[in-house]
Amino acid sequence: MESSASGDGSSATTAAVAAAAAVASSSSGPSTSASAFSAGVSGGASATHYLAKRVLHGSAVQHVARGHFRSEHLWEIVLCKGTSLELVVVGEDGVLQSICEQSTFGIVKDVGVLDWRFKHFGIWPEIEGKEILVLLSDSGKLSLLYFCCQMHRFIPIGNIELSKPGNMRDQLGRILAIDHDSAWVAISAYEDAFAVVRVGRTQHVYGPNKEIVEKAKIVHAVYKTSDIRGTVWSMCFMRTRCSMDEYYPVVAMIINRKGSDANDLSMYALAANDGGIQYLSGYSEPGPLALEIAEIPQLDGFGLLFRAGDILIVDLRDPKDICCTIRISMTGSLVGEQISVEDSCRGLDVDDDVAACALLELRDSGNNIMMDDSYMAIDGADNPGSMKSRVICSWSWEPDAMRGQPRLIFCLDDGEFHILEFNWDTEGLKVLPERVHRGLPCKPLLWMDRGMIAGFVEMGDGMILHLEHGRLVHRSTVQNVGPILDLAIADYHGEKQDQLFSCCGMCPEGSLRVIRNGVNVEKLLRTEPIYQGVTGLWTLRMKKTDTYHSFLVLAFVEETRILSVGLSFNDISDAVGFQTEVCTLACGLIADGLLVQIHSKGVKLCLPTSYAHPEGATLTSPVCVDWYPDVTISVGAVGHDVVAVATSNPCCLYILRVRPLSSLQYELYETQHVQLQYEVSCISIPEEDLRLRTSSSAFGGDFRKRKGNNSAAEVDVRMFAVIGTHKPSVEVISLEPDEAFRLLSIGSISVNNALGAPVSGCIPENVRFVASERFYILAGLRNGMLLRFESGTSKDQYLPGSFYKESFAPSLNALLQLVAIRHIGITPVGLVPLHDSANSDIIVLSDRSWLLYASRHSLAYSSISFLPASHVTPVSSVDCPSGLLFVAENCLHLVEMVHGKRLNAQKFSVGGTPRKVLYHSDSRTLLVMRTGLTGASCSSDIVQIDPNNGILLSRFKCELGETAKCIQIAKIGSEQVLIVGTSKSTDRPMMPNGEAESIKGRLIVLSLDTLGSPHECSSFIPTSNLSSSSHTGSFPEIVGYANEDFSSNSMCSSPDDICYNQIQFEQIAGHLRSLTHVTFTGAVLAVYPYLDRYVLAAAGNTLSVFGFVNENPHRMKKYAVSRTRFTITCLKTYASQIAAGDCRDGVLFYSYHENLRKLELVYADPAQRLVGDVVLLDCETAVVSDRRGSISVLSCPGLEVSESPEKNLAVQCSFFMGEIAMSIQKAAFKYRLPIGDETDPVLESAYNCVVASTLLGSVFVMIPLTSEEHQLLQDVQERLSLHPLTAPILGNDHAEFRRRGIPSGVPSILDGDMLVQFLELTSEQQQTVLDDGSSVKAPHRSIPVFQVMRMLERVHYALN
């Protein structure tokens, strides 16, 4: 035994940099200047340099943690999904909403929470009031993280080293447990090793001028032992009667001793006298296999021992005299019956351990220690036999339970949910069991506040349940696309965007998903293309407090129209009072019932009639007041009780206000008139009356700080507006009615390119004030750039001092600093908030539509899955409370952005396990191979599905007892056929050593000429009723073609819904016709067309070439055969090259000699590889994934033909994903980008891109790079991997993680997840990263920020 103690330092100057974690250095090759992201390499020969980026984070949840991570007043949940973390909240409606998601650059093994909220106030300001997330991972370190609101992500405050490298069986890093006082953490290895760690923290040491002399740090002491002699299954801390001066803390563990068939309960404790870990006692009760141990909260010394079929309540108050008090049996319970409780379990009969043996197969095998522990077996049977003993697969304690009455909810492996309530009285401990639900088995399970319970299904959608009157009620669905077994890529017709059709989940939760990148919008309605020349689009309320909008204003070049918002959009222009023969520049609600229109000739104040709105004036015509300047108005804006307009010649700014004269009579009068030096290009007035903001604002930071400590007082903030000028600049001006014109703040716009020359077109097109964790100003420029300005504030204020009324400082006391620059496109940038609040997320319009997250650090945005649009406005009505109205392709499109849709995926349940999917372009339908069917006629089939509505068009049933294994489309002469490979047995097709089993298989040829076509359809967008329960109706897209007739039967989705459809089996139009078949000795696991006239088939370890006599699909003939050492699992071809994936020997290249009718092995894999899938980029290059989580690019070495025909392929580059990719596809993504700052956009195509999907539900994309681009980005990547804000949060070496399992000397594929963090930094932080040359071994050289930004923006743009 050994012990060690040390302190773990961290930087804490600011909230972001406070979390610096120590990282090791890594090396880099020399860097040279790089050109802009180029497609030149993509169109020619295959590249040897690639960048891999995860475009869809995994959705399979393996661990969960509940805590107050952002604030002591907010409950949040952390979802651990292998190599990523997601912070979510559950709303009042039961919908899971994502806050942020980030990569861990390591594999998370276990998770816990340290509750330090109420300890040591003032010690560490950055983490005060927040709970600390604790992660155990393959890094060999115990990682302590806090959520940084400024960076909007988790930041490490300490990484305690436990073992190195941290991914071996006997090294610490498998299970963790945290004691009740959040002072001790227990960590175990898979076997033999165990440790307890005492964690604490010091505080900042300040100097006389309040400067930080010594930064706060994490302190810890580690006590280890290697004398366990067994495999640790579970552990927890126990509060016992042992004296703290003798043994403390005490840990209870479930251990499988080496050579034993049973598990025992062992007690260990840290001895106070020598600081070593000592074994106290052991306990083993006859009966089922013990699986887990848990402490009962509030009942010190009592624990729950979960076994296969029952639960034991054990008394551990004296750890040297353990006894069982109550046994809760579940083995003999019938469905629907209550579980039984017995007062004693002494002398129980030993049950049949079939359940235990079955469970052991699901537990950690340890064969692949580097991968996730809960390895999902996707190659076995779809319906494993049910266990005799019902086993608890997950459990969770009620948070903040009543004193003395803790409650536990647990889920059995048959889907039953039970609650146990524990009571302690004078007679002892009592247990009250209750069955509350039956559904799918969940793992993990989490009991949240407000009676909400989250259950996550391993291979299907999870659920949010609510405990009501002793029963669990379904509230919402948590989408999970993992595992993705196969995918097909097709163009999104009409929108020129790619989408993925993926086979997700397994029986009984198997489904077909349509996955698209970006933020999902539900398309509800669209009009005919009659809206040419739209120049403006707004929605207005009648009163500030109205929930829904009342008016839709459409501005054209020489016309304005006003439509009512409701069941139908009717033209009410005359009843509103707006001048219709002019182009409206801006409009808005100035006061309740009073609307303002701004046009080039003047400003019009209108009081609509009751015909336009029920609360309007009861007059025959609207009340109108006009104000006309002497010159033409160029821009304007309407705010609360104020109107601002600007003219261009001369450059003047007018401030107007309104006052009532008498009943229904108003005056629009000028209060300020100032001449400016530069022309105003845009004006924005915050929607809210900022003076009403208080320190108790719902979102963090909004105007919270004011001089004085009265939290209920109004924030004394000046009314202000933000303007953009032709200087160019962004300026904040005061709109206070009793003050003269006052400039509160100014930010100059000066952007240089990589050569140092100013970028043209930097005039603001749109400006927007945003109030989030800190205030900032967004500016969208006419050249397609987006800027973010911030200003320094004092410690006790949210806004700069000049914004407060009591401030009489000079007007330029708060200069705006340009902190972030992004290139959105090449057209002017529009900014439209989703809501009227100052902290609302913002839709950014340019070449494409983007959603900008207002609360994020720097500039963070995602693409919106919609057409490029010229205008957009939020629209809220009774039927569609969260609608958006886009103007695109001369049509009005009503869509809805559903906040509960964490994944942009539509689901079609298929009633089995979908194994393979193909997109048939001629019919625009999908061919899906299913297994695990429960029907009596067959257990596997091939179906044709309409992707618009899930209707099953045709079907081919396999024979009884036959399972389809692979499908491919081939062309024989002029006829298209479907090649199907099958297995005549339901057993596994190969032995554990990779050799083929002695079973039969068939190669079947099906005709595709009779495929049914879907009904008239232009896009793959079904508009469903979005029910969270199963239904059988199909819901085609609703299109409103009548002039402005937006039908009232539009199906608007509610916030807690997801896209869900059931495949329609009863609407089969026909059957796929079999043409011929061939029987093999061995299961046919892979087929592929070859040279447009042959078919390749792999059965066991045999590779065969088949042809069709006289191009007749009915007459198939075998031409050549070759054998490998092990089973062939996949086949791909490119021109004359054949790539076969051997399950042990890796990728093998074959060529077929037609004249000799002979298959020849040309190249072999240089190493043994457990092949997941393979794809050929060209005749010489293959990309292969393995079942250890890596993906590699292999190519022919270019040896002479005269040499030996069996040569090894060369590994060009590799990348460790940390997830197993079972499907790889070659793809070409096309996108439009400008070549330079002043050139027209050209069409660029990135060929030879690779898309890989994983078992955890992730999607990775690999794009090719030139050598110059690779060298530059590699340099940037190394600097990012060591910078405190972007280094891996697990404290591991980034280069070591991405190179895991890769032979020495093989170049690594660049990590796009690491590189895109550069885009999330401010300009100052970006420059700091590039100026730090200590991370690279090559001579330090200067890298322009502009050059790196342009390259990464192009990559980001292409992947979105």
Side-chain angles (χ1 to χ4, degrees), residues 55-56 59 460-461 479-506 509-518 520 865 903-931 941-955 964 966-969 978 1008 1011-1014 1017-1022 1024 1034 1036-1037 1058-1064 1173 1175 1221-1229 1249-1255 1257-1261:
V55 296
L56 179 66
S59 56
D461 286 338
Q479 296 181 84
N480 173 25
V481 300
I484 300 179
L485 304 180
D486 192 27
L487 60 85
I489 305 173
D491 178 54
Y492 199 94
H493 294 283
E495 296 190 12
K496 299 178 181 178
Q497 298 183 39
D498 290 317
Q499 62 183 350
L500 302 179
F501 298 108
S502 58
C503 296
C504 301
M506 294 188 70
E509 283 296 292
S511 62
L512 183 69
R513 311 275 179 139
V514 185
I515 303 175
R516 300 184 64 198
N517 203 2
N520 177 72
S865 294
L903 297 176
N904 189 354
Q906 176 173 357
K907 174 182 178 181
F908 293 104
S909 181
V910 299
T913 299
R915 296 282 181 173
K916 299 290 181 182
V917 60
L918 300 174
Y919 177 66
H920 189 247
S921 57
D922 291 352
S923 64
R924 292 185 179 179
T925 59
L926 301 175
L927 297 170
V928 181
M929 184 187 82
R930 303 186 301 167
T931 63
D941 65 4
I942 314 296
V943 293
Q944 181 200 12
I945 297 174
D946 182 354
N948 302 278
N949 47 32
I951 292 179
L952 193 150
L953 302 174
S954 56
R955 181 183 188 188
C966 54
I967 56 174
Q968 284 294 337
I969 298 174
L978 183 68
L1008 295 181
L1011 279 187
S1013 298
C1017 151
S1018 61
S1019 64
F1020 293 143
I1021 310 174
S1024 72
S1034 59
E1037 182 181 21
I1058 65 163
C1059 285
Y1060 181 93
N1061 283 298
Q1062 184 78 24
I1063 297 299
Q1064 308 301 302
D1173 197 12
V1175 65
M1222 293 303 298
S1223 179
I1224 307 178
Q1225 302 288 335
K1226 179 181 175 181
F1229 299 118
C1249 293
V1250 176
V1251 180
S1253 59
T1254 75
L1255 295 184
S1258 297
V1259 176
F1260 287 82
V1261 175

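Source: prediction; values computed, not measured. Numbers here simply count residues along the sequence, with the first being 1.
Here the CG atom belonging to Leu56 is positioned 8.5 Å from the OG1 atom belonging to Thr1254, to the nearest 0.5 angstrom. Within the model, atoms OG of Ser923 and CG of Leu953 stand 8.0 Å from one another, a figure rounded to the nearest 0.5 Å. With rounding to the nearest 0.5 angstrom, the CE atom of Met1222 is 9.0 Å from the OG atom of Ser1253. With rounding to the nearest 0.5 Å, the separation of CG in Asp941 from OG1 in Thr931 is 9.5 Å. The line from CD1 of Ile942 to CZ of Arg915 is 12.5 Å long, rounded to the nearest 0.5 Å. With rounding to the nearest 0.5 Å, the separation of CG in Asp922 from CZ in Arg924 is 10.5 Å.
Residues Ser511 and Phe908 form no side-chain contact, since every pair of their non-hydrogen atoms from C-beta on lies 4.5 Å or further apart. At a threshold of 4.5 Å between non-hydrogen side-chain atoms, the residues Leu952 and Gln944 do not count as touching. At least one side-chain heavy atom of Leu918 sits less than 4.5 Å from a side-chain heavy atom of Gln968. At least one side-chain heavy atom of Ile969 sits under 4.5 Å from a side-chain heavy atom of His920. Side-chain atoms of Val1259 and Ile484, non-hydrogen and from C-beta on, do get closer than 4.5 Å to each other. The side-chain heavy atoms of Leu978 and Leu927, taken from C-beta on, include a pair separated by under 4.5 Å. Looking at Val1250 and Val1261, their side chains never come closer than 4.5 Å, going by heavy atoms from C-beta outward. Within the 4.5 Å cutoff, the side chain of Tyr919 has no heavy atoms near those of the Thr925 side chain.
Side-chain contact of Ser865 with Asn904: a donor-acceptor pair under 3.5 Å is present, judged by distance alone. A donor-acceptor contact closer than 3.5 angstrom links the side chains of Ser59 and Asn480. No side-chain N or O of Arg513 forms a donor-acceptor pair with one of Ser502 less than 3.5 Å apart.
Residues Asp486 and Ser1223 come closest through the heavy atom pair OD1-OG, 3.0 Å. Of all non-hydrogen atoms in Leu485 and Pro914, the two that sit nearest each other are CD1-O, 3.6 Å. Shown here for Gly1257 and Val481, the closest heavy-atom pair between the two residues is O-CG2, 3.6 Å.
Within the 3.5 Å criterion, the main-chain N or O of Leu487 finds a donor-acceptor partner in the side chain of Gln1225. Panel note: side chain Asp946, backbone Ile951; no donor-acceptor pair is recorded below 3.5 Å. Of the possible donor and acceptor atoms, one in the side chain of Arg930 sits under 3.5 Å from a partner among the backbone N and O of Val910.
Scanning for salt bridge (Lys or Arg N to Asp or Glu O under 4.0 Å) contacts around Asp1173 gives Lys1132, with sequence neighbours left out.
A salt bridge links Asp461 with Lys907; the closest basic N to acidic carboxylate O contact falls under 4.0 Å.
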>> Go through it in stages, so that I can follow the logic: the residues are Val1251 and Ile489, the test is side chain to side chain contact (heavy atoms under 4.5 Å, CB included), and I'd like the CA-CA distance, side-chain angles, deciding distance and then a yes or no.
In response: CA-CA 9 Å; Val1251 180; Ile489 305 173; 3.7 Å; yes
